[in-house]
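Everything numeric here is computed off the predicted structure, so don't read it as measured data. Counting starts at 1 for both ligands and their atoms, in listed order. Below, all heavy atoms of this structure are taken into account, side chains as well, without hydrogens, waters or symmetry copies.
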Amino acid sequence: MTPRRVVLLTAVLSAAAFVLPETAAVASAPHGTPGSVGSGDPYFPRQGNGGYDVSHYRLAVHYVPGTKRLSGVAHVTARATMTLSRFDLDLRGNLHVSSVRVNGHRAAYRQPKKLVQELVITPRHALRAGRRFHVTVHYAGTARPVTDPDGSLDGFIPTDDGAFVASEPQGAPTWYPVNDTPRDKATYAVSITVPKGLTAVSNGALTGRHAHGRLVTWSWALHQRVSSYLVTATLGRFAVSRGRTSSGVPYLTAVDPREAAAKPVLKQLPAIVDYFSKVYGRYPFGQAGAIVDHAHKVGYALETATRPLFDRAPDVATLSHELAHQWYGDDVTVAKWRDIWLNEGFAEFSSWLYTEHTGGQTTAQHLATLLANPASDSDEWLPPPGNPGSGKGIFADSVYDRGAGTLAALRQLVGDRTFFAIMRGWLPAHRYGNATVGQFTAFAQRVAHRNLTHFFYEWLYKNGKPTG
Ligand code: ARG
Ligand code: ZN
């Protein structure tokens, strides 16, 4: 090779170095496009992200109650649904990210203040449509819940002895990086490190408890796919006990000793699980149970998957409501928050049904009591359960009461045989998935072989008391 040719080749190569990245990128490593900032829920527009689908979260979190310091490492396994140059996870800004790796390579990231809960990740290489990828995020900060449009605390809520972790509808990003849409269901392995003497409870099976120095790590694994709002990492002083229902479902309860009133109520847990298994079909998860904390400022309970969470000792109606959600809410989940009736109306109706089963008021009597409320009593009737209007309305009394009344009225209209065929058939049709109110009403019509348009209009959508 002559010196002249070397120079020439260098010139060509450096020119190529300038030009090539683009052309080469198109040929072998596509640029891709950024995934969207939300997932299109009009009530919570920043929730969720576009361009990928998570299959598994492996979370290791550490919480120090004394300082409220929350730190964690999240391993997220996902599949790109389009070729991505960039994508977001949802994580609140009080949790500062210190490193992000994508497929083992350091990735660039930002947490723009004005985007509130977006962790914007730019991987070294575009992520190809259809391919699996792995993200590891290290983060830490002072724990802080969010306040929902209805004024309730949501997410990682510090308590006097630990934390109450309830994330419906938008709390998950207060404790882990997540594609926070109810439509992206995933399996979970959660381990929680706390000071010795405290118990940390998540979903599914207890897979380990390891003491190291002054700390203890509790590990849990959930093998069925669930929505992000149904995952918990509640910790504090708890007495743990275990058992099996008559039909063989293992259960674990964790009860704050200050809520001893829970004991006699929890005695009914196995019977409730078995009763709903009988009327609705097999229990959807491998474990059952309950977590009863002493966290009265929260003011609500949540149907965390496999193990519902209570802010105080529940009564039987509340316990059966949350257990029924394992079928209606946790197995079959809303596609959008506007569909909340599929969760709350069904769980509340189920609690009426359990009351009837144990010799109390029938669902027909409950319905008559509901209908005795005058049309002027707007809290009972508005917003209509099929269209609660905004994030503020999703947990309104009418969604629960008029929502349960809808099913009690349907039962009367079509009779028990058809009604329970609808309730049971609905589940396998959407197992571990999501559904809309429109899909349910269409399904009910098909099973009942009759036009129910007017009925559902009156009960679910009319802007006032239905004509019963
Ligand atoms: N789904 C819960 C229940 O069983 C209610 C959650 C209320 N959450 C809230 N942020 N207001 O009824
Ligand atoms: Zn509920």
Open item on the list: Is it the case that the side chains of H223 and Q287 hold a donor-acceptor pair, with the cut-off being a distance below 3.5 Å and no angle test?
Closed with: no

- [ ] Nearest 10° is fine: what angle sits at the Zn ion (ligand 2) between NE2 from H325 and OE1 from E344?
- [x] 100°

Open item on the list: Please give me the minimum heavy-atom distance between A305 and N203, naming the atom from each residue.
Closed with: O-ND2, 2.9 Å

Task: Identity and distance of the protein heavy atom lying nearest atom 12 (O) of ligand 1 - done: Y400 OH, 2.6 Å

Task: D154 to ligand 1, any heavy atom closer than 4.0 Å - done: no

Task: A335 versus P182, closest heavy-atom pair with distance - done: O-CG, 4.2 Å

Task: Donor-acceptor pair, side chain of D90 and main chain of P173, under 3.5 angstrom - done: no

- [ ] Could you list which atoms of ligand 1 come closer than 4.0 Å to a heavy atom of E303?
- [x] 1 (N), 2 (C), 3 (C), 4 (O)

Open item on the list: Heavy-atom pairs closer than 4.0 Å: do any link ligand 1 to the side chain of D150, the backbone, both, or neither?
Closed with: side chain

Open item on the list: Could you check whether any heavy atom of H325 sits closer than 4.0 Å to an atom of ligand 1, since that is the contact criterion I want to use?
Closed with: yes

- [ ] Would you check, one step at a time, whether the test salt bridge (charged side-chain N to carboxylate O under 4.0 Å, His left out) holds for D331 with R431?
- [x] CA-CA 6 Å; D331 179 354; R431 181 131 289 159; 3.2 Å; yes

Open item on the list: Within the 4.0 Å heavy-atom shell around H321, which atoms of ligand 1 are there?
Closed with: 3 (C), 4 (O), 12 (O)

TODO: Could you tell me whether the side chains of Q170 and D148 share a donor-acceptor contact shorter than 3.5 Å?
DONE: yes

TODO: Just jot down the ligand 1 atoms closer than 4.0 angstrom to any heavy atom of A301, in number order.
DONE: 2 (C), 3 (C), 4 (O), 5 (C), 6 (C)

TODO: Among all protein heavy atoms, pick the one closest to atom 1 (N) of ligand 1 and tell me residue, atom and distance.
DONE: E168 OE1, 2.6 Å

- [ ] Could you tell me whether the side chains of Y283 and S247 share a donor-acceptor contact shorter than 3.5 Å?
- [x] no

TODO: Could you list which atoms of ligand 1 come closer than 4.0 Å to a heavy atom of D148?
DONE: 9 (C), 10 (N)

